[in-house]
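The structure appears below as structure tokens.
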Amino acid sequence: MSTEDRPPAPRSLAEALRARGDASLGALLRSRPDLITPVPTDLTQLATRAGTRASVVRALERLDRFALQTAEALAVAADPAAYGELLGLMAGDDADPAVVAALPHALDLLREQALVWGDDDRLRLVRTARELLAPSPQHPSPTGLGPTVQEATAGMSPGRIQEIVTAAGLASTHDSVSAVTALAGLFTDRARMAALLADAPPDSLDVLERLVWGPPYGQVTADPAPRLRWLLDRGLLLPTAPGTVVLPREVALHLRRGLAHRTPEPVPPVVETAAVHRPQVVDSAAAGQAYTALATVEELLKDWDEGGPAVLRAGGLSVRDLKRTAVALDVPEPLAAFWVELAYAAGLIASDGEADERYAATPAYDEWLELPAAERWSRLVTAWLAATRTAGLVGGRDAKDRTLSALGPGLDRSAAPEVRHRVLALLAGLPEGAAPAAGSVLARLRWERPLRGDRREDDLRGRLAEWALSEAELLGVTGRGALSAQGRALLGAPAAPAPGPEAEPSGPGDKLPVHHHHRTAPLTALSPAEQAVASAAAARLLAPLLPEPLDHVLLQADLTAVAPGPLQRPLADMLGVLADVESKGGATVYRFTPGSVRRALDAGQAASDLHAFLTAHSRTPVPQPLAYLIDDVARRHGHLRVGAASAYVRCDDDAVLSEILADKRAAGLGLRRLAPTVLAAQTGPAGLLEGLRAMGFAPAAESAEGDVLITRALAHRTPPRTAPEPVPDGPPVPDDTLLAAALRAIRAGDLASTTPRKPGAAPAANGELPRTGAAETLATMQAAVLTGEALWIGYVNAEGAASQRVIAPIRVEGGFVTAYDHTADEVRTYPLHRITGVAELADDAG
């Protein structure tokens, strides 16, 4: 393209945006969704919003390390800077080929993000970004560079400047401006600077070496040492305040061989592989963890079935309740907090909202229990992927030094879903069966989001990544540290790359480096509909790997039953009432006790029912001791009857009642004989039942009609509850429909604000609305109806919001104008009294 054919260079960010196509603008709005919240009226307003401090800080935080280094280099370059100058700052005098290859991509990224605009010969960093990244005494630059010679000599006396110029071997000038220019020219001339430094004392060179990579500031006394005096005389160090000197930027760049950064990082760190397993082993291990996760959540909810712990006044679980839950689940407290938070995120538990507020299972839990195991797992992991609540923070302190409790406030971290997804995406980029080295994953994440990783003292992003790796293993998304097939499907990831012949490991400790260039498009977060499809695919892959529920147990002579695997739900529920769980693991051991058998009888089972149940579900004959236990407890069960009198005990055998009255342990029950077969008590029925059972009897409660009461533990459920909504990390990414509508509105508004007007037609000044009288407005409208011309109007709506519009009037009557509105791309009717003014468009208006 010839110089004459080349489009004019943009003079502002707004002009640069105006020259973009819809695809480019759409990419900008997707990557920076805060720019369309709300939708700007035109491209000028979009450019203004893109330059605000909050928006620029957010955009900088989402840059990778090399793109950020490029922006930092532009902040210390001339404004505007040519591409060659930027390349010199990034690649140095040696022109690092990796930097040379990666720089165009980084610059394109900065342009796409609207942080840089202009052609390659006039690159401009957005002013706010320059202010944030440029070096200053209060905010040192990450480059370690100081001010330029011109900035450092501002305010210095002309005589002193001339002394420095002369000492540096330059001819004196007639003014300070030309003297500073000559000094800067000396410092940027490689050959002359080398000659100047060749005469420097070794001690002086040592001082420069200490300052060259920053910080560039040093302290001096009123009488500097000779090594410092030599540098000060020649301007190689310049005073910035009493007792403080700085190394000028041009001098530092010469000593650095042109590099703005000590270590440019054009290529992201390699995600190393710590071990490689067969994919079948990984999938099986992950499936085992998935089954354990389901069992743990079910056990947690069963423990809270009749009503869980109380809700603290400030919200959440108390430390004591968390400890009790950890003991019940037989896990450490941090893991108990994770399982509780996972069930909460999946909508399976919530507070019941009663006056004495407690946590309990939700109705959704009963629906969840009815699903196949693989689908229950997919519900849990989908909730985990999207949750912003972070269980790893439990037990820590918030900004007000308050302890963060499980299920309590203050646990949301909006970056958590992105970090989880990114960690799993990095695992998806490894060959099947490859488990990464955790340190290399963290290093990669720090490269991808350096500001978010390095700026905070506690490196939250790094901790989120560590938690994501461990939680993925707990849930069975990974197995032995490697991403499983169901985990890959959960992300919607393609098949893993196959390792080459050289990648075959000979042992678990072999290193398998896998390179991922940052130009490779990473996996993006899925939409809700896409995630539902991916979760269903993951469930289908997991289902064949989960053990089939069994319909039998193995009864043993020591009053125990062994379940060699997961049991079908009716069998597991009944066995849970009839026996107590003694141990868990690959096989669950249940123990039958008098108390557990009595519990089954209290639930309405008869001895014959229990014998039939055990015979039907045991692969071994029912042992004689177990049959005797059931018969013995059943024979005594209900022999005593307790009712409300305040309470009474009746028994057909008066000798048993006499035995109770003679027992010293019955003194606290306040018993007295009313009849040979009836005792009255001062305590209530519940206390009487408990007291008699403590004495070794097996009483049964009875109703007012004399029937045995069947007592079951009543499941406590909350009212219908929705799962907690994740806290978004800023405005959501717009979908295609919203994006298309926003682009149309911005383009139309820009047309209204930039369309040329006829001279002398009362154009608005400084972007203000046009102003014309009512009679002139009406006359111009009526004339436009006849000629079919378009007009530029100012309009104030009923809410008082002002806007500019381009309309083509169709009809004017009754105080209204009906026109085709180019801004809204539709026919609208406007009250004339709300039109502030009108102007005709120029004949060559596009």
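These numbers come from a predicted model, not from an experiment.
T836 contributes atom OG1, which lies 8.0 Å from atom CD1 of I793 (distance to the nearest 0.5 angstrom). L426 contributes atom CG, which lies 11.0 Å from atom CG of L483 (distance to the nearest 0.5 angstrom). Taken to the nearest 0.5 Å, the CG atom of D96 stands 8.5 Å off from the CG atom of L259. Taking CG of D459 as the start and CG of L442 as the end, the distance is 8.0 Å to the nearest 0.5 Å. Here the straight-line distance linking atom CG of L253 with atom OG1 of T188 works out to 10.0 Å at 0.5 Å rounding. Taken from OG1 in T48 to CG in L13, the straight-line distance is 8.5 Å, to the nearest 0.5 Å.
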Side chains of residues 75-85: which donor-acceptor pairs under 3.5 Å do they make with residues two or more places apart or in other chains?
from	atom 1	to	atom 2	distance (Å)
D79	OD1	R124	NH1	3.4
E85	OE2	A78	N	3.1

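Not counting sequence neighbours, the partners of R127 by the salt bridge (charged side-chain N to carboxylate O under 4.0 Å, His left out) test are E131. Listed by chain and number, the residues in a salt bridge (charged side-chain N to carboxylate O under 4.0 Å, His left out) with E112 amount to none (sequence neighbours excluded). Legend: residues meeting salt bridge (charged side-chain N to carboxylate O under 4.0 Å, His left out) with R53, ordered by chain and number and at least two apart, are absent. Residues that satisfy the side-chain hydrogen bond (donor to acceptor under 3.5 Å, both in side chains) test with R30, not counting sequence neighbours, are D736. For R389, the side-chain hydrogen bond (donor to acceptor under 3.5 Å, both in side chains) partners two or more places apart in sequence, or in a different chain, are E341.
Between L738 and D735 the shortest heavy-atom distance is N-OD1, 2.8 Å. Considering all non-hydrogen atoms of both residues, Y344 and P724 come closest at O-CD, 3.1 Å. Here the closest heavy-atom approach between residue D22 and residue L743 is recorded as O-CD1, 3.8 Å. The two atoms that bring P728 and S414 nearest to each other are O-CB, 3.6 Å, heavy atoms only. Closest non-hydrogen pair, P417 versus A387, comes out as CG-O, 3.6 Å. The two atoms that bring A314 and P409 nearest to each other are O-CD, 3.4 Å, heavy atoms only.
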Checklist entry - side-chain contact (heavy atoms from CB on, under 4.5 Å) between R805 and W792: does it pass, once the steps are laid out? => result CA-CA 6 Å; R805 299 176 178 275; W792 175 60; over 6 Å; no
Using the side-chain contact (heavy atoms from CB on, under 4.5 Å) rule, take L74 and L89 through it: C-alpha gap first, then chi angles, then the decisive distance, then the call.
CA-CA 9 Å; L74 277 172; L89 288 169; over 6 Å; no
Margin query: Would Q113 and S31 count as a side-chain hydrogen bond (donor to acceptor under 3.5 Å, both in side chains) here? Give the steps.
Written below: CA-CA 7 Å; Q113 298 279 314; S31 60; 3.0 Å; yes
Worksheet item: Run the side-chain contact (heavy atoms from CB on, under 4.5 Å) check on W467 and L393 step by step: do they pass?
Response: CA-CA 10 Å; W467 293 330; L393 297 171; 3.8 Å; yes
Criterion side-chain hydrogen bond (donor to acceptor under 3.5 Å, both in side chains) on S55 and R49, from CA distance to verdict: CA-CA 7 Å; S55 184; R49 194 176 296 172; over 6 Å; no
For this session: Check step by step if side-chain contact (heavy atoms from CB on, under 4.5 Å) holds for R413 and V419.
Result: CA-CA 10 Å; R413 295 295 182 270; V419 172; over 6 Å; no
Under the side-chain hydrogen bond (donor to acceptor under 3.5 Å, both in side chains) rule, what do S535 and T382 come out as? Steps first, then yes or no, please. CA-CA 7 Å; S535 299; T382 302; 2.7 Å; yes
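Under a 3.5 Å cut-off, the side chain of E151 and the backbone N or O of T148 do form a donor-acceptor pair. R449 places a side-chain N or O within 3.5 Å of a backbone atom of R62 that can act as its donor or acceptor partner. The closest donor-acceptor contact from the side chain of R256 to the backbone of V212 lies under 3.5 Å. Within the 3.5 Å criterion, the main-chain N or O of T263 finds a donor-acceptor partner in the side chain of Q69. With hydrogens and angles disregarded, a donor-acceptor distance shorter than 3.5 Å links the side chain of R420 to the backbone of W384. The backbone N or O of V727 sits less than 3.5 Å from a side-chain atom of T388, completing a donor-acceptor pair. Put simply, the side chain of T390 never gets that close to the backbone of G392: no donor and acceptor are under 3.5 Å apart.
You'll find the side chain of Q531 reaches within 4.5 Å of the side chain of L490, heavy atoms only. The closest side-chain heavy-atom distance from D64 to E265 is not below 4.5 Å. Looking at R20 and L28, their side chains come closer than 4.5 Å, going by heavy atoms from C-beta outward. V270 is not listed as a side-chain neighbour of S440, based on a closest heavy-atom distance of 4.5 Å or more. No side-chain heavy atom of L404 sits less than 4.5 Å from a side-chain heavy atom of V394. Within the 4.5 Å cutoff, side-chain heavy atoms of V99 are placed close to those of F66. Between R834 and N797, the closest side-chain pair of non-hydrogen atoms is not below 4.5 Å. At least one side-chain heavy atom of P734 sits less than 4.5 Å from a side-chain heavy atom of P33.
The side-chain contact (heavy atoms from CB on, under 4.5 Å) test with L115 singles out one residue from L133, L60, L109, and that residue is L60.
A salt bridge links R111 with D120: at least one charged nitrogen is closer than 4.0 Å to a carboxylate oxygen. The pair R422-E448 meets the salt-bridge criterion, since a charged nitrogen lies less than 4.0 angstrom from a carboxylate oxygen.
In this model, a donor atom of one side chain and an acceptor atom of the other lie less than 3.5 Å apart for R18 and T44.
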